Amino acid sequence: MAAPTSQWKGSMKLVSFGPSFTALALAVTATVGLAAGNAAAVDRHHHPERLNATAYYGTLDIVGRQTNNLKAKFTKVDGTAVAGLPVKFTVSWDRFFLCEATTDTNGYAECKNSPLPAPLPLTQLVLHGYDATFDGNHQYAPASAHNSVGVP
(Lines give C-alpha, C1' and ligand atoms only; values in the text may rest on other atoms or scores of the structure.)
Protein backbone atom coordinates (compact mmCIF):
# COMPACT_ATOMS: atom_id res chain seq x y z
CA MET A 1 0.00 0.00 0.00
CA ALA A 2 1.31 3.45 -0.92
CA ALA A 3 1.95 6.14 1.68
CA PRO A 4 -0.98 8.57 2.14
CA THR A 5 -0.84 11.86 0.25
CA SER A 6 -2.78 15.03 0.91
CA GLN A 7 -3.61 18.14 -1.05
CA TRP A 8 -5.94 21.13 -0.68
CA LYS A 9 -8.97 21.47 -3.02
CA GLY A 10 -10.40 24.91 -2.32
CA SER A 11 -11.26 24.92 1.38
CA MET A 12 -11.12 21.10 1.66
CA LYS A 13 -8.11 18.94 2.41
CA LEU A 14 -8.10 15.75 0.36
CA VAL A 15 -6.25 12.80 1.86
CA SER A 16 -5.64 9.88 -0.46
CA PHE A 17 -4.71 6.31 0.49
CA GLY A 18 -5.03 5.08 -3.08
CA PRO A 19 -7.53 5.40 -5.96
CA SER A 20 -10.50 3.74 -4.21
CA PHE A 21 -10.27 5.81 -1.03
CA THR A 22 -9.83 9.21 -2.72
CA ALA A 23 -13.39 9.35 -4.03
CA LEU A 24 -14.82 8.34 -0.66
CA ALA A 25 -12.92 11.02 1.21
CA LEU A 26 -14.02 13.67 -1.30
CA ALA A 27 -17.70 12.62 -1.10
CA VAL A 28 -17.77 12.71 2.69
CA THR A 29 -16.09 16.11 2.79
CA ALA A 30 -18.51 17.56 0.22
CA THR A 31 -21.56 16.24 2.10
CA VAL A 32 -20.39 17.66 5.42
CA GLY A 33 -19.62 20.98 3.75
CA LEU A 34 -23.11 21.19 2.22
CA ALA A 35 -24.80 20.34 5.51
CA ALA A 36 -22.81 23.01 7.34
CA GLY A 37 -23.63 25.56 4.62
CA ASN A 38 -27.37 24.81 4.83
CA ALA A 39 -27.34 25.09 8.62
CA ALA A 40 -25.67 28.49 8.38
CA ALA A 41 -28.30 29.67 5.88
CA VAL A 42 -31.14 28.61 8.21
CA ASP A 43 -29.53 30.27 11.25
CA ARG A 44 -29.27 33.62 9.47
CA HIS A 45 -33.01 33.71 8.70
CA HIS A 46 -34.68 32.18 11.76
CA HIS A 47 -36.18 35.42 13.14
CA PRO A 48 -39.70 36.13 11.86
CA GLU A 49 -40.24 39.59 10.39
CA ARG A 50 -42.03 42.17 12.56
CA LEU A 51 -45.41 43.53 11.47
CA ASN A 52 -47.39 46.66 12.26
CA ALA A 53 -51.10 46.29 13.02
CA THR A 54 -53.83 48.94 13.08
CA ALA A 55 -57.44 48.31 14.18
CA TYR A 56 -60.30 50.59 13.13
CA TYR A 57 -63.39 51.75 15.02
CA GLY A 58 -66.26 49.25 14.72
CA THR A 59 -69.97 49.48 15.47
CA LEU A 60 -72.47 47.28 17.26
CA ASP A 61 -76.04 46.64 16.09
CA ILE A 62 -77.79 45.94 19.39
CA VAL A 63 -81.13 44.87 17.88
CA GLY A 64 -79.49 42.55 15.33
CA ARG A 65 -76.84 41.37 17.85
CA GLN A 66 -74.01 41.76 15.37
CA THR A 67 -70.81 43.72 14.95
CA ASN A 68 -70.30 45.84 11.87
CA ASN A 69 -67.04 46.72 10.18
CA LEU A 70 -64.46 45.27 12.53
CA LYS A 71 -61.37 45.98 10.47
CA ALA A 72 -57.59 45.78 10.84
CA LYS A 73 -54.60 46.38 8.60
CA PHE A 74 -51.32 44.48 8.76
CA THR A 75 -48.17 45.82 7.12
CA LYS A 76 -44.45 45.20 7.19
CA VAL A 77 -42.38 47.79 9.06
CA ASP A 78 -41.71 49.59 5.76
CA GLY A 79 -45.49 49.97 5.16
CA THR A 80 -45.88 47.19 2.57
CA ALA A 81 -49.25 45.42 2.94
CA VAL A 82 -49.21 41.72 3.83
CA ALA A 83 -51.86 39.49 2.22
CA GLY A 84 -53.06 36.06 3.34
CA LEU A 85 -52.73 36.40 7.13
CA PRO A 86 -55.45 34.80 9.29
CA VAL A 87 -56.71 37.42 11.77
CA LYS A 88 -58.87 36.68 14.83
CA PHE A 89 -61.16 39.36 16.22
CA THR A 90 -61.87 38.96 19.94
CA VAL A 91 -63.36 40.95 22.83
CA SER A 92 -60.39 42.62 24.54
CA TRP A 93 -61.37 41.90 28.11
CA ASP A 94 -61.96 38.15 27.98
CA ARG A 95 -60.70 37.15 24.50
CA PHE A 96 -64.20 35.99 23.53
CA PHE A 97 -64.07 35.02 19.83
CA LEU A 98 -66.04 37.32 17.50
CA CYS A 99 -64.94 36.38 13.98
CA GLU A 100 -61.96 35.58 11.75
CA ALA A 101 -60.90 37.05 8.43
CA THR A 102 -57.88 36.87 6.10
CA THR A 103 -55.92 39.93 5.00
CA ASP A 104 -56.45 40.96 1.39
CA THR A 105 -53.86 42.32 -1.06
CA ASN A 106 -54.05 45.71 0.67
CA GLY A 107 -53.36 44.16 4.11
CA TYR A 108 -56.94 44.53 5.42
CA ALA A 109 -58.89 41.86 7.31
CA GLU A 110 -62.54 42.73 7.90
CA CYS A 111 -65.64 41.21 9.47
CA LYS A 112 -68.43 43.29 7.96
CA ASN A 113 -71.52 41.88 9.70
CA SER A 114 -70.74 39.21 12.28
CA PRO A 115 -73.47 37.75 14.50
CA LEU A 116 -72.58 37.74 18.19
CA PRO A 117 -72.76 34.46 20.12
CA ALA A 118 -75.63 34.43 22.65
CA PRO A 119 -73.56 34.17 25.85
CA LEU A 120 -71.55 37.32 25.06
CA PRO A 121 -72.79 40.30 27.11
CA LEU A 122 -72.93 43.31 24.76
CA THR A 123 -71.69 45.61 27.52
CA GLN A 124 -68.31 43.81 27.59
CA LEU A 125 -67.76 44.55 23.93
CA VAL A 126 -68.78 48.21 24.26
CA LEU A 127 -66.75 48.74 27.46
CA HIS A 128 -63.56 46.94 26.43
CA GLY A 129 -63.49 47.06 22.63
CA TYR A 130 -61.88 44.43 20.46
CA ASP A 131 -58.48 43.10 19.45
CA ALA A 132 -57.42 42.00 15.99
CA THR A 133 -54.66 39.39 16.33
CA PHE A 134 -52.37 37.53 13.98
CA ASP A 135 -50.74 34.65 15.90
CA GLY A 136 -47.56 34.59 13.82
CA ASN A 137 -45.97 31.97 11.57
CA HIS A 138 -42.51 30.98 10.32
CA GLN A 139 -42.25 34.18 8.25
CA TYR A 140 -43.98 36.85 10.39
CA ALA A 141 -43.99 37.53 14.15
CA PRO A 142 -47.30 37.79 16.04
CA ALA A 143 -49.01 41.19 15.94
CA SER A 144 -52.21 42.68 17.34
CA ALA A 145 -54.10 45.95 17.55
CA HIS A 146 -56.98 47.27 19.67
CA ASN A 147 -59.89 49.62 19.05
CA SER A 148 -63.35 50.45 20.31
CA VAL A 149 -66.82 49.39 19.29
CA GLY A 150 -69.62 51.93 19.54
CA VAL A 151 -73.39 52.00 19.15
CA PRO A 152 -74.47 54.29 16.30
Side-chain angles (χ1 to χ4, degrees), residues 8-15 21-152:
W8 286 96
K9 290 257 187 191
S11 62
M12 297 182 288
K13 187 172 186 179
L14 180 62
V15 178
F21 291 107
T22 302
L24 178 60
L26 182 58
V28 170
T29 305
T31 303
V32 171
L34 286 174
N38 288 341
V42 170
D43 285 345
R44 279 181 284 183
H45 301 292
H46 78 282
H47 296 290
E49 188 174 351
R50 259 189 36 215
L51 294 175
N52 291 327
T54 305
Y56 297 87
Y57 184 79
T59 59
L60 175 64
D61 176 356
I62 294 176
V63 176
R65 278 194 63 86
Q66 69 180 18
T67 58
N68 297 315
N69 305 318
L70 299 184
K71 185 176 183 180
K73 184 173 185 176
F74 289 80
T75 62
K76 295 180 182 182
V77 175
D78 68 2
T80 305
V82 182
L85 302 178
V87 178
K88 292 179 199 163
F89 293 84
T90 58
V91 177
S92 294
W93 179 66
D94 61 1
R95 297 283 182 238
F96 200 90
F97 181 80
L98 297 169
C99 61
E100 188 168 6
T102 302
T103 56
D104 62 18
T105 56
N106 295 314
Y108 290 101
E110 183 174 12
C111 294
K112 293 184 181 196
N113 302 311
S114 299
L116 295 173
L120 174 66
L122 300 179
T123 54
Q124 295 301 326
L125 183 55
V126 173
L127 289 173
H128 301 288
Y130 76 95
D131 292 326
T133 305
F134 165 64
D135 290 332
N137 61 23
H138 69 282
Q139 187 173 4
Y140 298 109
S144 65
H146 172 83
N147 211 323
S148 301
V149 175
V151 179

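Values in this document were obtained by computation on a predicted structure and should not be read as measured data.
- For residues 114-152, no residue pair satisfies the disulfide (SG to SG under 2.5 Å) rule, not counting sequence neighbours.
- Residue pairs meeting the salt bridge (charged side-chain N to carboxylate O under 4.0 Å, His left out) criterion with at least one partner in residues 110-130, sequence neighbours excluded, are absent.
- Taking both residues in full, the closest heavy atoms of Y57 and N147 are given as N-ND2, 3.3 Å, listed atom of the first, atom of the second, then distance.
- What you find for A141 and P48 is that their closest heavy atoms are N-CB, 3.4 Å.
- Between P86 and F134 the shortest heavy-atom distance is O-CD1, 3.5 Å.
- Here the closest heavy-atom approach between residue F74 and residue A53 is recorded as CE2-CB, 3.5 Å.
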Enumerate donor-acceptor pairs with a distance under 3.5 Å from any side-chain N or O in residues 59-66 to protein atoms, sequence neighbours excluded.
residue: D61; atom: OD1; partner: V63; partner atom: N; Å: 3.3
residue: D61; atom: OD1; partner: G64; partner atom: N; Å: 3.0
residue: R65; atom: NH2; partner: P117; partner atom: O; Å: 2.8
residue: R65; atom: NH2; partner: A118; partner atom: O; Å: 3.3
residue: R65; atom: NH2; partner: L120; partner atom: O; Å: 3.1
residue: Q66; atom: NE2; partner: N68; partner atom: OD1; Å: 3.4

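- Each disulfide (SG to SG under 2.5 Å) pair with one or both residues in residues 52-146, not counting sequence neighbours, appears once here: C99-C111.
- Not counting sequence neighbours, E49 has no partner by the side-chain hydrogen bond (donor to acceptor under 3.5 Å, both in side chains) test.
- Note that OG of S144 is 11.0 Å distant from CG of L51, once rounded to the nearest 0.5 Å.
- Residue pairs meeting the disulfide (SG to SG under 2.5 Å) criterion with at least one partner in residues 62-95, sequence neighbours excluded, do not occur; the list is empty.
- In this structure, the side-chain contact (heavy atoms from CB on, under 4.5 Å) partners of P121, at least two apart in sequence or on a different chain, are T123, Q124.
- Identified under the side chain to side chain donor-acceptor pair (under 3.5 Å) test for residues 81-106, with sequence neighbours left out: K88-D135, S92-D131, S92-H146, R95-D131.
- Rounding to the nearest 0.5 angstrom, the gap separating the CG atom in L85 from the OH atom in Y108 is 14.0 Å.
- Residue Y130 holds its OH atom at 10.0 Å from CG of L125, rounded to the nearest 0.5 Å.
- With contacts defined as side-chain heavy-atom distances shorter than 4.5 Å, the pair T75/V82 does not qualify.
- Summarising the geometry of Q139 relative to N137, their closest heavy-atom pair is N-OD1, 2.8 Å, with the distance given to 0.1 Å.
- Pairs passing the salt bridge (charged side-chain N to carboxylate O under 4.0 Å, His left out) check and including a residue from residues 139-148, sequence neighbours excluded, do not occur.
- The shortest side-chain heavy-atom distance between S114 and T67 falls under the 4.5 Å cut-off.
- Residues passing the side-chain hydrogen bond (donor to acceptor under 3.5 Å, both in side chains) test with K71: none are found, sequence neighbours excluded.
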